[in-house]
Amino acid sequence: FYVTAGLAWHRWKAQYDYVKAGTLIVSNTSSSKLGAAAGAGFNFNPSFAVEARYVATKFQQGDADRTAGAVQVAALYRF
């Protein structure tokens with residue numbers, strides 16, 4: 001069993017629609033921000049492990065910074 005913690009660089013791409021002055025506006029935006037990541041994993045043997053982590057970061061949407069999070073799950077095989 002092991003734990004992980006660190007910094008993560010994430011690129012977000014978002015598409016959203018909104019109405020401004022009676023006009024529908026469709027916007028595509030992408031943003032790169034630094035975030036924090038923490039998780040845990042388990043080694044079944046020296047070659048195979050599973051890991052789960054939570055990543056918290058922000059991304060730019062229009063004029064505002066939004067907070068976002070993601071759960072990542074990985075199966076790892078070491079050669």
Side-chain angles (χ1 to χ4, degrees):
F1 178 78
Y2 61 92
V3 294
T4 64
L7 300 176
W9 188 259
H10 283 271
R11 181 165 177 79
W12 294 91
K13 185 173 182 180
Q15 179 179 344
Y16 55 96
D17 305 339
Y18 63 98
V19 176
K20 183 175 182 181
T23 304
L24 177 65
I25 298 172
V26 178
S27 180
N28 291 309
T29 185
S30 59
S31 177
S32 295
K33 298 275 184 177
L34 187 64
F42 182 77
N43 286 317
F44 290 100
N45 58 46
S47 297
F48 183 70
V50 293
E51 185 175 300
R53 74 178 70 94
Y54 180 76
V55 179
T57 187
K58 294 186 177 217
F59 68 96
Q60 187 78 29
Q61 184 178 15
D63 295 335
D65 272 345
R66 306 283 186 201
T67 301
V71 175
Q72 298 175 337
V73 179
L76 310 167
Y77 183 78
R78 295 177 188 91
F79 295 99

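The figures that follow rest on heavy atoms only: side chains count, while hydrogens, waters and symmetry mates do not.
- In terms of the side chain to side chain donor-acceptor pair (under 3.5 Å) criterion, T4 has no residue partners (sequence neighbours excluded).
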What pairs of donor and acceptor atoms, side-chain ones from residues 72-79 against any protein atom, are under 3.5 angstrom apart with sequence neighbours left out?
{"unit_1": "Q72", "atom_1": "OE1", "unit_2": "R53", "atom_2": "NH1", "d": "2.9"}
{"unit_1": "R78", "atom_1": "NH1", "unit_2": "N43", "atom_2": "OD1", "d": "3.4"}

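- Evaluation of the ring-ring contact (aromatic ring centres under 6.0 Å, His included) rule for F42 yields F44 as partners, not counting sequence neighbours.
- Among all heavy-atom pairs drawn from T57 and L34, the shortest one is OG1-O, 3.5 Å.
- Contact annotation: the side chain of W9 never approaches that of K33 to less than 4.5 Å [non-hydrogen atoms, C-beta and beyond].
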